[in-house]
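Index from 1, following the sequence. Hydrogens, waters and symmetry mates are skipped; everything else that's a heavy atom, side chains included, is used.
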Amino acid sequence: SPITNIAEFTAAAKAKNGELSFGSPGAGTPHHLAMEAFLQAQGVKANHIPYKGGAPAFQDLIAGRLDGAFIDLGTAGSSIRAGKVRVLAIGNKTRIATLPEVPTLAEAGVAGYEATAWQGLAFPAGTPREIVARMAAEYAKVVADPQIRQKMADVGFEPTPSSPAEFAAYIRAEQARWSEVIRTGGLKAE
């Protein structure tokens, strides 16, 4: 692709007026929603091509059958290091240690943009608070280990332990934010 930065990608999307293609591991996946949020922020449209998983989408991106995609580091890391794919920007709020030269989308001109995949520990409703608190404390200890942190960083994870209340608040905020992206984009379950 001749596209080398976010401004060029946005200009190409405007010029192609919805014909630029992007792939995702499937409709409604975080990758799909991250691209939709980006397109909405830039005021452009593109054609979504849903795949049955990240690997097939990534293979078509490398082969040039897609114009772009949000791909996770776990899927793309070795191909990025081998120079098979060009990373224009990352969705994180800050640059990541494994790709320090790659700007964030906010740094690349998409003000306030952030889209990160997150995971968390969850327990059945009614689990005693002391058990939940102990598990949160144990998790924080595990991810503080430098070897564990490095293994997580190698595949794009940045552990951010929090309290159960902070995590619950984060989930509520994420639900509201992504619901708005879905509503604004008129996205439907397939």
Side-chain angles (χ1 to χ4, degrees), residues 4-6 22-26 28-35 37-38 51-63 66 68-108 110 112-175 177-178:
T4 62
N5 60 51
I6 292 299
F22 75 93
S24 80
T29 60
H31 307 78
H32 175 208
L33 297 180
M35 182 62 92
F38 165 75
Y51 286 78
K52 291 183 178 180
F58 186 60
Q59 290 303 314
D60 273 2
L61 179 69
I62 290 174
L66 293 170
F70 268 77
I71 300 290
D72 57 87
L73 192 56
T75 299
S78 61
S79 294
I80 292 168
R81 288 185 286 281
K84 293 180 180 178
V85 65
R86 180 182 302 126
V87 181
L88 304 182
I90 59 168
N92 288 32
K93 190 185 304 186
T94 58
R95 291 187 185 210
I96 59 174
T98 51
L99 297 172
E101 72 285 359
V102 178
T104 67
L105 274 160
E107 290 173 328
V110 187
Y113 185 92
E114 181 185 0
T116 57
W118 54 267
Q119 297 177 1
L121 297 175
F123 300 94
T127 300
R129 289 179 189 241
E130 58 274 3
I131 291 173
V132 173
R134 180 171 179 214
M135 290 303 294
E138 291 298 322
Y139 173 78
K141 279 191 227 174
V142 168
V143 298
D145 179 291
Q147 288 180 324
I148 300 293
R149 290 187 77 81
Q150 185 58 55
K151 287 187 181 298
M152 294 176 86
D154 289 346
V155 293
F157 289 121
E158 184 177 329
T160 51
S162 63
S163 72
E166 289 168 331
F167 187 48
Y170 180 76
I171 290 171
R172 286 190 297 276
E174 286 287 276
Q175 286 173 324
R177 183 163 71 108
W178 294 110

Show every donor-acceptor pair shorter than 3.5 Å between a side-chain atom in residues 120-140 and any protein atom, with sequence neighbours excluded, or say none if there are none.
residue : atom : partner : partner atom : Å
T127    : OG1  : P124    : O            : 2.7
E138    : OE2  : K141    : NZ           : 3.2

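In terms of heavy atoms, A37 sits closest to W178 at CB-CZ3, 3.7 Å. Closest non-hydrogen pair, A108 versus I6, comes out as CB-CG1, 3.7 Å. Heavy-atom minimum distance, A57 versus L66: O-CD1, 3.4 Å. Counting all heavy atoms, side chain and backbone alike, P103 lies closest to L88 at CG-O, 3.7 Å. Taking both residues in full, the closest heavy atoms of R149 and A144 are given as CD-O, 4.0 Å, listed atom of the first, atom of the second, then distance. Considering every non-hydrogen atom in both A69 and G23, the closest pair reads CB-O, 3.4 Å.
Between atom CG of residue L105 and atom CD1 of residue I90 there is a gap of 8.0 Å, rounded to the nearest 0.5 Å. R86 contributes atom CZ, which lies 9.5 Å from atom CG of N5 (distance to the nearest 0.5 angstrom). The line from CG of L73 to CD1 of I80 is 5.5 Å long, rounded to the nearest 0.5 Å. Taking OG1 of T29 as the start and CG of D72 as the end, the distance is 10.0 Å to the nearest 0.5 Å. Atom NE2 of H31 and atom OH of Y51 lie 14.0 Å apart (nearest 0.5 Å). Rounded to the nearest 0.5 Å, atoms CD (E114) and OG1 (T116) are 5.0 Å apart.
Y113 pairs by the side-chain hydrogen bond (donor to acceptor under 3.5 Å, both in side chains) definition with nothing, not counting sequence neighbours. Judged as a salt bridge (Lys or Arg N to Asp or Glu O under 4.0 Å), and not counting sequence neighbours, the contacts of R177 are E174. For E107, the salt bridge (Lys or Arg N to Asp or Glu O under 4.0 Å) partners at least two apart in sequence or on another chain are R95. For F38, the ring pair (Phe, Tyr, Trp, His ring centres under 6.0 Å) partners two or more places apart in sequence, or in a different chain, are F9. Under the rule for a ring pair (Phe, Tyr, Trp, His ring centres under 6.0 Å), the partners of F167 that lie at least two apart in sequence or sit in another chain are W118.
Put simply, the side chain of F70 does not reach to within 4.5 Å of the side chain of H32, judged on heavy atoms.
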